[in-house]
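Some notes on the structure that comes next.
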Amino acid sequence: MKIYNYNDLSKSKIEELCSRQIEDDKLVAERVAEIINTVKAQGDKAIFKYAKDFDKVDLHNLFLGAEELKAIASTIPADAKKAIDTAYKNIKTFHQSQLKTEDKVETMPGVICWREHRAIEKVGLYIPGGTAVLPSTFLMLATPAIIAGCKEIVVCSPPQSDGKTNCYLAYCAVLLGVQKIYLIGGAQAVAAMAFGTETVPQVYKIFGPGNRYVTTAKTMVQNKVAIDMPAGPSEVLVIADETAVPAFVASDLLAQAEHGVDSQAVLVSTSQSVINETLKEIEIQLNDLSRKDIAKKAIENSYAILVDNLNAAMDFSNEYAPEHLILATENFEQLIPQIYNAGSVFLGNLTPESVGDYASGTNHTLPTSGFAKAYSGVSTDAFLKKITFQHLSATGLKNIGETVEVLAEAEGLHAHKNAITIRLKKM
Ligand code: HSO
Ligand code: ZN
């Protein structure tokens, strides 16, 4: 891990440190475009073929139904079942609290405007699978979709080598009341949900993380469907002052690093000794990790910055716009108003990112690669559209009529003007 002194960094160096290496891989793009076109043209036939080519399974059916899911779910270990139940309860409680109705507003006497939300009717959720087990992502996406009231929730996850899904995902499906899991992975899953096949329903918005193929496919189908957000490798930025606990900071950086070799774990600290102690702790804790090799590479690609004070730390963090921001300080309260760009924030020394990844209730599908400057993470809102309504009484029309007539005249749009005039004359 490289260490920089913030005062020595030029503007362009800061820019470089904040830029994520998003590879524009032409080969991946070509391959994904071909997969999308093939799925579009051949439907299910292409999906079966890709399952054989990529997942090395001969699928007989493209999905697991309720009965099969129930049978697989019954094999889940008791502690995992209990943990999923608790996480689900918290995620549900938090996302339920986001469903709010808005007041009607009388902008002028007799002119009433309001918004009502409606669920996106058909949504597609991509749950990474195969060797990695990600029941947490299933909960994070399906829970708000159900709370929002989405009528059709299509869930795609790549098949295991036995042509099934794991007990954790199956249990989530049973818990959430999801009737089917489509055994489709990669770009072909995104294409199937975007265009529909004989078996897979077409959806209006696609959610979920994935590898480069999945994320490239999501960007490519955007002229057909909406997507949650552009996705890149996961990242964390930890701001630590002298009240931080280096062993805790190290554990958070490593939790991020084990996601993938391209994950970024950034430490910004007001204390040289906290940086030194944290680096020592990383070396110690690395040894015990099952994904040591991945985490080690990610840490090598990451960096630490020494700053004079917490204000400078916040300046850098806002420029970096991290997916996850951890304030490893007892003085977090004063920093909250200064946070402009971050996906999800973890306050104090006892709030590790892991709690938000799994179970506190907040969503873990968050903007990466600096997109936190303009995007929010997934929430119940992401599954809703807001429709505006308005109603005018006779008084309302009289009050607002002239304003509209004058503006329509100014724009030379006389039919617009007449839609008012014709009514006013009749009154
Ligand atoms: N940190 C990941 C989410 C995750 N972590 C899933 C563990 N499982 C992106 O926010
Ligand atoms: Zn994580």
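Counting starts at 1 for both ligands and their atoms, in listed order.
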So which protein heavy atom does [atom] come closest to, and at what separation?
atom	value
atom 10 (O) of ligand 1	H364 O, 2.8 Å
atom 2 (C) of ligand 1	H259 NE2, 3.4 Å
atom 7 (C) of ligand 1	Y358 OH, 3.4 Å

Q: Using 2.8 Å as a strict upper limit, say whether an N, O or S atom of H259 approaches the Zn ion (ligand 2) that closely.
A: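 Checking the Zn ion (ligand 2) against H259, an N, O or S atom does fall under 2.8 Å.
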Q) Do you see an N/O/S atom of E353, backbone or side chain, under 2.8 Å from the Zn ion (ligand 2)? A) no
(Q) When you compare ligand 1 with Q256, is there at least one nitrogen or oxygen pair between them that comes in under 3.5 angstrom? (A) no
Q.
Regarding ligand 1, does T137 bring an N or O atom to under 3.5 Å of one of the ligand's N or O atoms?
A.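 No, since none of the N or O atoms of T137 sits under 3.5 Å from an N or O of ligand 1.
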Q. In D357, what N, O or S atom is nearest to the Zn ion (ligand 2), if we give its atom name?
A. OD2
For [X], I'd like to know if atom [atom1] has over 12 heavy atoms of other residues, nucleotides or ligands within 6.0 Å.
X	atom1	answer
F248	CZ	no
Y168	OH	no
H416	NE2	no

(Q) Exactly one of I36, T215, V190 should register a side-chain contact (heavy atoms from CB on, under 4.5 Å) with M220. Which one does? (A)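 Output: one option passes, namely I36.
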Q.
Could you check whether E34 pairs with R31 (Lys NZ or Arg NE/NH1/NH2 to Asp/Glu carboxylate O, under 4.0 Å)?
A. yes
Q) With a cut-off of under 6.0 Å to the ring centre and 45° to the axis, is R20 in cation-pi contact with F371? A)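 No, R20 does not sit over the ring of F371.
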Q | Geometric cation-pi criterion, K2 with Y303: 6.0 Å, 45° | A | no
At a 4.0 Å threshold, what atoms of ligand 1 neighbour a non-hydrogen atom of [X]?
X	value
E353	1 (N)
S136	6 (C), 8 (N)
S234	1 (N), 9 (C)

**Q.** Under 3.5 Å donor-acceptor, E258 side chain and A295 backbone
**A.**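 No, the answer is negative, given that no donor and acceptor are paired below the 3.5 Å cut-off.
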